[in-house]
Structure formats: structure tokens, C-alpha cells
Amino acid sequence: MLTELIRMARLTLSLATPGPDPDMVAIRWFGEHRPAGPEPEEPEQRLDGYRVLLGRPRVGGPAVDWPRTVEHLVAAGAAALAIGVTPDEDVVPGELVRAALAWDVPVVRIPPETTFDEVTQALAGLVFASDLDRANRLAMTYGALTQSLAQGRGVQALVEQLHGYIGAPTAVEDLRGRTIASSPLPWPTIEDGPDGEIGAIESSRRLRVHGADVGRVRFIGLEAADAEAAECAATVIALELGRLHAYRSAESDALGSLMEEVAGYRSDDAHAQDRLDALGIDGRAAHRVVLARLPANVTGRLRSVPWQLAELVGARPTIPTGILDELVVMLVPGDRDALAEAHALHEELLGFGSTVQVGLGAAHQGVSGLRMSWHEALEASSRGPGVHEVAVVSLAALVLQSQNDAVRRLAAETLTPLKKNEAASGADLVHTLATYLEERGSVSRTAARLFVHRNTLRHRLKLIETLTGRRLDTISDWVTLWLALVADGTAPKGSQEDPNQSPQPRQAQPRHKRSPNPEGQARAHLDGG
């Protein structure tokens with residue numbers, strides 16, 4: 001600082017202006033500029049990068065235009081001005097002092113017995129000592145932080161250690177501005193200074209993991225000399241977050257895989273209970289499953305970027321969270337506000353895309369309860385972007401979500417003959433079947449919707465029966481065809497109605513003569529509509 005130069009006794013420098021405070025003026029370089037009179041030299045070309053400017057007016061020369069000279073020097077980047085007086089002119093010109101005060105730069109008086117070279121050498125020594133001290137502090141800070149990193153002491157320990165070295169209050173925040181580690185505790189508030197000025201200056205450094213911003217390190221009153229230490233600390237803290245995330249990702253993948261097996265009935269309850277215990281989850285207690293669906297193209301980022309920094313600081317996550325392909329699953333204990341947790345999860349994941357869909361299941365006990373809550377949450381999450389409460393699970397969804405390969409293979413094989421015939425004849429048999437089932441087996445309504453003659457429709461329905469080997473007048477074959485359409489994504493709309501909609505009143509139907517059996521009733525629809 002400028003005050004350090006002034007205090008060097010062998011230079012006998014003095015401050016010629018009442019302000020600003022030399023303790024607040026940082027200097028590193030100086031250059032010489034000799035004012036030549038009313039038209040001063042343009043210093044910008046000669047003094048680029050210099051911060052302290054020294055000069056002696058030419059003795060016997062023309063009068064110096066000090067206001068313009070000071071203006072040019074300040075424009076060149078001068079932080080302070082110094083003037084060398086002579087035995088004949090031992091007084092700093094008053095016009096120079098007034099011009100310097102107008103531009104808020106200090107003026108230093110250099111006595112006749114002190115040469116510019118002596119000032120140069122003294123300043124070079126101060127700069128070197130300052131650089132050496134900063135390098136030593138940086139090396140010590142970096143060494144201590146990397147040692148803590150190798151010992152796995154955690155983010156909070158790193159923050160406390162950094163605060164101890166640089167003195168500035170330090171905190172780590174996530175992208176939502178939530179403090180996840182700080183020193184001191186609690187995190188201080190910045191008080192307004194006199195005249196409404198901010199009492200301390202805040203600064204921050206980004207935290208990046210795998211090239212993505214995940215948060216920041218905040219400082220209050222960080223000294224300029226510690227700027228490099230702050231950059232170093234941000235790198236070390238990001239490494240620690242990446243390390244913690246790697247361990248947590250393994251647990252997340254394990255939980256996601258386990259829940260997939262539980263939901264698909266591919267793990268018996270006793271074995272699933274043991275695996276839940278190993279993950280620190282009480283599978284016997286009541287839980288609500290929260291499921292979030294993400295776009296498929298963000299799955300890699302979801303695994304590589306720690307999007308829940310707060311969860312990484314604790315020994316274990318507050319709420320177990322797993323990842324399965326494009327799904328994020330949370331097991332919310334029954335005594336927690338699952339809806340609030342679902343909204344928080346949705347907000348966390350919005351950084352991966354605005355189409356995030358979150359669904360909640362009801363609270364059920366045990367492994368079988370987790371299975372049921374999973375299917376409820378999955379059904380709810382299918383209703384579109386946003387957060388959706390418990391949905392009624394359809395039988396078709398439950399069967400097909402079981403991931404039973406035999407069920408899916410049978411569904412595919414049922415529709416394959418129809419699709420092959422369509423390719424050859426052009427008749428849309430799959431759509432015809434879906435519409436027929438949606439119209440509850442009514443030939444007249446189905447023909448009207450398809451814009452075909454009833455005889456054409458009857459021909460198609462006979463062809464469907466022949467190709468699939470299924471009869472449209474039996475309940476069992478009707479269900480099989482319906483499940484096949486659900487698996488194929490061409491299910492009747494009636495099978496995918498919003499469970500929150502109120503049921504519409506049933507319209508009166510014309511009375512028919514009672515058939516002797518249910519199959520006869522189905523055949524009546526097929527034959528006569």
C-alpha cells in the first residue's frame with residue numbers, strides 16, 4: 001500500500017494532500033513524467049500499466065497547467081502522484097494539490113535528497129516482499145486444503161480452514177442460494193455502514209463440477225491479496241463435491257436398481273428388505289414414493305453433476321434418492337411432508353429441462369407398500385409437466401409395469417399379424433380394433449367414427465379374429481386385446497381417462513332382450529351393433 005512506501009524512513013517521503021487515506025491506495029509500479037508547460041505530454045502512450053507517477057517540473061520552464069496534467073495522469077491509470085521538490089522550490093505547488101484533490105488522488109512530496117532511483121528500488125523491494133508473502137500464503141492455503149481433501153474431512157472442514165487462513169467469512173451455496181456450509185456459524189449478515197453504504201464487500205467464486213456450475217463460494221470482505229487463494233479454494237471444494245457425488249451416485253444407482261426390481265416383482269420382499277437395510281432405509285416403515293420423469297437426453301448430466309449439494313454435506317441424505325434411467329425416485333418417510341418434498345425435487349430438477357414430471361404415491365408400509373406406491377407415483381407422473389398427487393393405478397398399467405417379459409411378448413405377438421396385414425392390404429386393423437373397444441363393441445358407432453360401411457367394419461372384425469386367433473365375444477380375449485393395445489401405446493382412450501375427473505352420468509341405453517349368457521350379449525354387438 002502507498003502508506004508502506006511513505007513510512008520508509010530512509011526515503012523521508014511525506015503526504016502533501018489531506019486525502020485519500022494512503023492505507024487504502026494499492027500500488028505496484030511507478031513511472032516518470034516531466035510536465036513541459038501549458039501543453040503537457042500525453043502520458044497515456046508512455047505510462048500504460050503504471051500506478052504511481054513521479055516527476056519534477058523543469059526548473060525555469062514555462063508554467064505548468066496542473067489541472068490538465070493531473071487529468072491526463074489519472075486517465076493513464078495513476079493511483080497516486082508524487083512530485084520531487086528542489087532546494088530552490090521546496091513547496092508543492094498549490095494548484096497541483098487542488099487538482100489532485102479534485103480527482104481524489106494523493107500527492108507525495110519527494111525531498112531533494114531522495115532520488116527517483118531510490119524510490120524505484122524501495123518500491124520494487126516492497127512489491128517483491130508482498131508477492132513473496134502472497135505466494136507463501138497461497139502455498140500454505142493450498143497445501144492445507146489439499147491435505148484436508150485427501151483426508152476426506154468434508155466441505156464444512158474445508159470452509160472452516162479457508163476462513164482461518166484468509167480471515168474473510170466464507171460460505172458454500174448451491175444454485176438456489178441456500179447455504180450448505182459456512183464459517184463462522186451462523187453466517188453473518190452484512191450491516192449497512194454510515195450514509196447507507198455497504199459495510200463489507202461481498203465477492204464469490206464459481207463452483208464447477210464436470211464443466212457445469214453447481215454453486216459458488218461466497219466471501220465477505222475478501223482482501224485483494226487473497227484473491228488467488230479464493231480461486232484455489234473454489235477448485236479444491238469443487239473436487240470434494242465431485243468426490244462426494246461419486247460415492248453418492250453409487251448409492252443412488254443401487255436404490256434405483258432395487259426399486260426397479262421391487263416394482264417389477266423381480267426381487268422377493270425378504271431380499272429387498274435386506275438390501276434396503278444396507279442402504280440405511282427402514283423398509284418396514286411407511287413411505288411415499290415420489291417419482292420424477294426427465295427428458296432422456298439429460299440422464300448423463302443427472303449422474304455427473306451434483307444437483308443436490310445440501311445432501312452431499314451430511315453423512316447420509318435426509319431422504320433416500322435413487323436414479324433409474326430418466327427417473328429420479330425419492331422414498332419419503334410417512335412423517336415427512338411428501339408434497340413439499342416433491343415440489344422441492346421438481347424445482348431442483350428444472351435446471352435439466354422445463355418438462356420435468358413429478359408424481360406422488362400414497363403412504364404404504366413394507367416392501368409391498370413401496371411397490372404399490374411406486375406404481376401410483378408412476379401413474380401420477382404420466383399426467384404431464386409439474387407435480388401431481390396420487391393417481392389411481394389402472395390394472396393394465398400395473399400388469400405392464402411389472403416388466404414381465406412374457407406379458408409384453410404376448411402383447412406384441414397378438415398385434416403382429418394385424419400390423420403385417422396392414423402393410424400388405426392397407427387396412428388399418430389396429431386402429432379399427434382400438435376404436436371398436438373404445439365404443440364398447442358397438443358396430444354402428446365404430447363404423448360412424450371410422451367413416452366405413454357396417455359391412456366393411458364387420459369384415460375387418462372377422463379378419464381381426466382370424467389373424468389374432470382371439471374372439472371378440474369373449475371377455476378373456478377382449479382383455480387380452482385391450483392389454484396388447486395398452487402395451488403398444490394404441491390403447492382405447494377410455495383406458496387412460498384422468499382418474500381425477502368426475503364420472504359422467506351414463507346415458508340411457510335401449511333395452512335388449514336378455515341373452516342366456518354374457519358371450520351371447522357380446523355376439524349381439526358384433527352381429528347387429
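Below, each value reflects all heavy atoms present in this structure, side chains not excepted, and no hydrogens, waters or symmetry copies.
Rounding to the nearest 0.5 Å gives a distance of 9.0 Å between CD of Glu438 and NE2 of His431. Between the CG atom of Leu437 and the CG atom of Leu485 there is a distance of 6.0 Å, given to the nearest 0.5 Å. Interatomic distance, Leu258 CG to Leu324 CG, rounded to the nearest 0.5 Å: 11.0 Å. Distance CG/Asp213 to CZ/Arg208: 4.5 Å, rounded to 0.5 Å. Rounding to the nearest 0.5 Å gives a distance of 5.0 Å between CD of Gln151 and CD of Gln147.
Side-chain atoms of Ser373 never come within 3.5 Å of backbone atoms of Gly369 as a donor-acceptor pair (strictly under, hydrogens ignored). Using modelled atom types, one side-chain atom of Arg383 and one backbone atom of Glu389 make a donor-acceptor pair closer than 3.5 Å. Side chain of Ser257 to main chain of Asp253: no donor-acceptor pair is present (N/O by atom type, distance under 3.5 Å, no hydrogens or angles). Under a 3.5 Å cut-off, the side chain of Thr170 and the backbone N or O of Phe219 do not form any donor-acceptor pair.
A side-chain hydrogen bond (donor to acceptor under 3.5 Å, both in side chains) with Arg471 holds for exactly one of Thr474, Asp473, Thr468; it is Asp473.
For Thr146, there are no side chain to side chain donor-acceptor pair (under 3.5 Å) partners, not counting sequence neighbours. Qualifying side chain to side chain contact (heavy atoms under 4.5 Å, CB included) partners for Leu239, counting only residues two or more places apart in sequence or in other chains: Leu149. Residues passing the side chain to side chain donor-acceptor pair (under 3.5 Å) test with Glu439, sequence neighbours excluded: Arg445, Arg449. Every side chain to side chain donor-acceptor pair (under 3.5 Å) that His163 has, sequence neighbours left out, goes to Ser183. With sequence neighbours left out, the side chain to side chain contact (heavy atoms under 4.5 Å, CB included) criterion links Ala144 to Gln161, Tyr165. Taking Ala484 as the reference, Ala411, Thr414, Leu415 meet the side chain to side chain contact (heavy atoms under 4.5 Å, CB included) condition, with sequence neighbours excluded. Here Thr432 pairs with Arg460 under the side chain to side chain donor-acceptor pair (under 3.5 Å) rule; sequence neighbours left out.
The shortest distance between side-chain heavy atoms of Leu429 and Leu433 does not fall below 4.5 Å. Within the 4.5 Å cutoff, side-chain heavy atoms of Met259 are placed close to those of Leu331. Taking 4.5 Å as the limit, every side-chain heavy atom of Leu255 sits out of range of all side-chain heavy atoms of Thr321. In this structure, Val356 and Arg293 have side chains that are not in contact, with every pair of non-hydrogen atoms separated by 4.5 Å or more. Using a 4.5 Å heavy-atom threshold, the side chains of Val387 and Leu345 count as separate. Side-chain contact between Val358 and Leu349: absent, with no pair of heavy atoms (C-beta onward) separated by less than 4.5 Å. Side-chain contact between His459 and Lys462 is absent, with no heavy-atom pair separated by less than 4.5 Å.
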Residue pair Glu261, Arg275: steps toward the salt bridge (Lys or Arg N to Asp or Glu O under 4.0 Å) verdict: CA-CA 11 Å; Glu261 294 182 16; Arg275 293 173 62 185; 2.8 Å; yes
For Leu158 and Val172, what are the C-alpha separation, side-chain angles and deciding distance, and is it a side chain to side chain contact (heavy atoms under 4.5 Å, CB included)? CA-CA 10 Å; Leu158 289 173; Val172 172; over 6 Å; no
One pair to check against side chain to side chain contact (heavy atoms under 4.5 Å, CB included): Leu461 and Tyr436. What are the steps and the verdict? CA-CA 9 Å; Leu461 294 176; Tyr436 177 73; 3.7 Å; yes
Please test Leu450 against Asp428 for side chain to side chain contact (heavy atoms under 4.5 Å, CB included), starting from the C-alpha separation and ending with a verdict. CA-CA 10 Å; Leu450 296 176; Asp428 192 352; over 6 Å; no
May I have the step-by-step check of side chain to side chain contact (heavy atoms under 4.5 Å, CB included) for Phe352 and Val328, ending in yes or no? CA-CA 12 Å; Phe352 295 96; Val328 176; over 6 Å; no
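Taking both residues in full, the closest heavy atoms of Leu291 and Ser381 are given as O-CB, 4.1 Å, listed atom of the first, atom of the second, then distance. Smallest separation of non-hydrogen atoms from His453 and Asn455: ND1-N, 3.0 Å. The minimum heavy-atom distance between Glu465 and Leu472, with the atom names listed, is OE2-N, 2.8 Å. The minimum heavy-atom distance between Glu341 and Ile319, with the atom names listed, is CD-CD1, 3.1 Å. Residue Val209 comes nearest to Ser304 through the heavy atom pair CG1-O, 4.1 Å, listed as atom of the first residue, atom of the second, then distance. The heavy-atom pair separating Leu276 from Leu370 by the smallest distance is CD1-CD1, 3.8 Å.
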Pairs under 3.5 angstrom only: tabulate donor-acceptor contacts from the side chains of residues 229-237 to other protein residues two or more places apart or in another chain.
{"unit_1": "Glu231", "atom_1": "OE2", "unit_2": "Arg205", "atom_2": "NE", "d": "3.0"}
{"unit_1": "Thr235", "atom_1": "OG1", "unit_2": "Glu231", "atom_2": "O", "d": "3.2"}

Taking only distance into account, with no hydrogens and no angle test, what donor-acceptor pairs under 3.5 Å do side-chain atoms of residues 277-286 form with protein atoms, sequence neighbours excluded?
{"unit_1": "Asp277", "atom_1": "OD1", "unit_2": "Gln273", "atom_2": "NE2", "d": "3.0"}
{"unit_1": "Asp282", "atom_1": "OD1", "unit_2": "Arg284", "atom_2": "N", "d": "3.1"}

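The pair Lys419-Glu422 does not count as a salt bridge, with every side-chain nitrogen at least 4.0 angstrom from each carboxylate oxygen.
Neither side chain, Ser249 nor Arg303, offers a donor N or O lying under 3.5 Å from an acceptor on the other.
Counting only residues at least two apart or on different chains, no salt bridge (charged side-chain N to carboxylate O under 4.0 Å, His left out) pair has a member in residues 142-153. Listed by first and then second residue, the side chain to side chain donor-acceptor pair (under 3.5 Å) pairs involving residues 350-370 are His364-Glu376 (not counting sequence neighbours). For residues 159-178, every residue pair satisfying the salt bridge (charged side-chain N to carboxylate O under 4.0 Å, His left out) rule, not counting sequence neighbours, is listed here: Glu173-Arg216, Glu173-Arg218, Asp174-Arg178, Arg176-Glu347, Arg176-Glu348, Arg178-Glu348.
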